[in-house]
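Note: hydrogens, waters and symmetry copies are ignored here, and every other heavy atom, side chains too, is used.
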Amino acid sequence: MAYIVYVKMKKLGRQRGAIEPVPFQLDKKPDVLFDLLAGLTEAGVKDYNERKEESQLLPFLTKEEIKAQSERGKVSFGVHNGAKADLEEAVKHTIQSFLDGIYRVFASDEELTDLYAKIPWKEDTVFTLIRLTMLSG
């Protein structure tokens, strides 16, 4: 049974306006932060790998897509070269980045700091991931 969670993704710096929650479909409702992070990573890897399998023709962007992407801070065609993402490695990197303090996770207004503590679910829980460091590359 699939479960939908809503996530806002922020980074420190210049962000204008409200950030809308993005729905992610997970295989099951996560009980602890580790399960949430692994599920979000799995959804991201799956999406990335599916895009890799699509036609390699260069797509075009509509005015609406350009506007939406520019509000998020990056306009791109979504085309990536190289190998497919490895789920196991991606989950390891996600968890290590959390442990290293690269980002923080909040369930509504409550910060989640323990990977294995129960998630405080409420009816309208929205998760917020805040990247704390500026990454280069």
Side-chain angles (χ1 to χ4, degrees):
M1 179 176 156
Y3 190 80
I4 305 293
V5 296
Y6 292 89
V7 179
K8 293 180 180 181
M9 293 171 274
K10 299 180 179 184
K11 60 184 173 182
L12 293 180
R14 299 177 284 144
Q15 286 199 331
R16 297 175 271 235
I19 297 174
E20 294 299 318
V22 176
F24 285 86
Q25 182 174 325
L26 307 182
D27 290 337
K28 63 180 181 132
K29 182 178 181 179
D31 292 321
V32 296
L33 179 57
F34 181 93
D35 295 339
L36 173 70
L37 296 176
L40 291 172
T41 302
E42 182 177 354
V45 166
K46 181 180 175 185
D47 180 56
Y48 174 84
N49 287 339
E50 285 174 358
R51 286 193 318 255
K52 296 281 301 164
E53 293 174 3
E54 292 176 359
S55 171
Q56 291 300 312
L57 293 177
L58 191 61
F60 66 92
L61 298 174
T62 65
K63 288 181 182 180
E64 293 80 18
E65 289 171 321
I66 292 171
K67 183 176 188 253
Q69 288 187 29
S70 68
E71 288 173 359
R72 289 192 305 260
K74 179 180 178 184
V75 179
S76 71
F77 288 105
V79 176
H80 303 279
N81 295 324
K84 286 185 173 183
D86 178 82
L87 176 59
E88 188 175 319
E89 283 298 310
V91 170
K92 284 181 189 177
H93 288 286
T94 298
I95 299 304
Q96 190 61 54
S97 293
F98 175 79
L99 294 173
D100 289 345
I102 302 296
Y103 63 94
R104 290 192 174 166
V105 181
F106 294 82
S108 297
D109 291 332
E110 185 175 334
E111 184 174 6
L112 305 179
T113 58
D114 183 343
L115 285 171
Y116 297 100
K118 292 279 186 188
I119 293 174
W121 285 102
K122 298 176 186 166
E123 184 176 321
D124 57 350
T125 299
V126 173
F127 295 96
T128 303
L129 280 67
I130 303 175
R131 187 173 80 190
L132 299 174
T133 59
M134 301 301 179
L135 302 176
S136 63

Are [X] and [Y] grouped together when hydrophobic residues (ILVMFWY) are joined by side-chain heavy atoms under 4.5 angstrom apart?
X	Y	value
Ile4	Val22	no
Val7	Tyr3	yes
Tyr103	Leu115	yes
Leu87	Phe98	yes
Ile102	Val105	yes

Shortest non-hydrogen contact from [X] to [Y]?
X	Y	result
Met9	Phe24	CE-CZ, 3.8 Å
Val45	Ala90	CG2-CB, 3.6 Å
Gln25	Ala43	O-CB, 4.1 Å

How long is the straight-line distance from CG of Leu36 back to CG of Leu129, given to the nearest 0.5 Å?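 Reported value, rounded in 0.5 Å steps: 7.0 Å.
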State the NZ-CD distance between Lys8 and Glu20, to the nearest 0.5 angstrom.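 Spacing of NZ (Lys8) from CD (Glu20) equals 7.0 Å.
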Contact list for residues 28-44, test side chain to side chain donor-acceptor pair (under 3.5 Å), sequence neighbours left out: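 The answer is Thr41-Thr94.
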Do any pairs count as a side chain to side chain donor-acceptor pair (under 3.5 Å) and have a residue in residues 112-130, sequence neighbours left out, and if so which ones?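 Qualifying pairs: none.
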Hey, is CD on Glu88 packed in by over 12 heavy atoms from elsewhere, all under 6.0 Å?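 Counting neighbours around CD of Glu88, 12 or fewer heavy atoms of other residues, nucleotides or ligands fall under 6.0 Å, so no.
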May I ask you to check whether over 12 heavy atoms, not counting those of Asp27, lie within 6.0 Å of atom CG?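 Open: at most 12 neighbouring heavy atoms sit under 6.0 Å from CG of Asp27.
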By side chain to side chain donor-acceptor pair (under 3.5 Å) - contacts of Gln96 (at least two apart):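 Gln96 satisfies side chain to side chain donor-acceptor pair (under 3.5 Å) with Asp100 once adjacent residues are dropped.
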Side chain proximity check, Leu40 to Val5, heavy atoms < 4.5 angstrom: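 When only atoms from C-beta onward are counted, Val5 and Leu40 do touch, with a gap below 4.5 Å.
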Under 4.5 Å between any side-chain heavy atoms of Phe127 and Leu112, yes or no?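 Phe127 vs Leu112: side chains touch.
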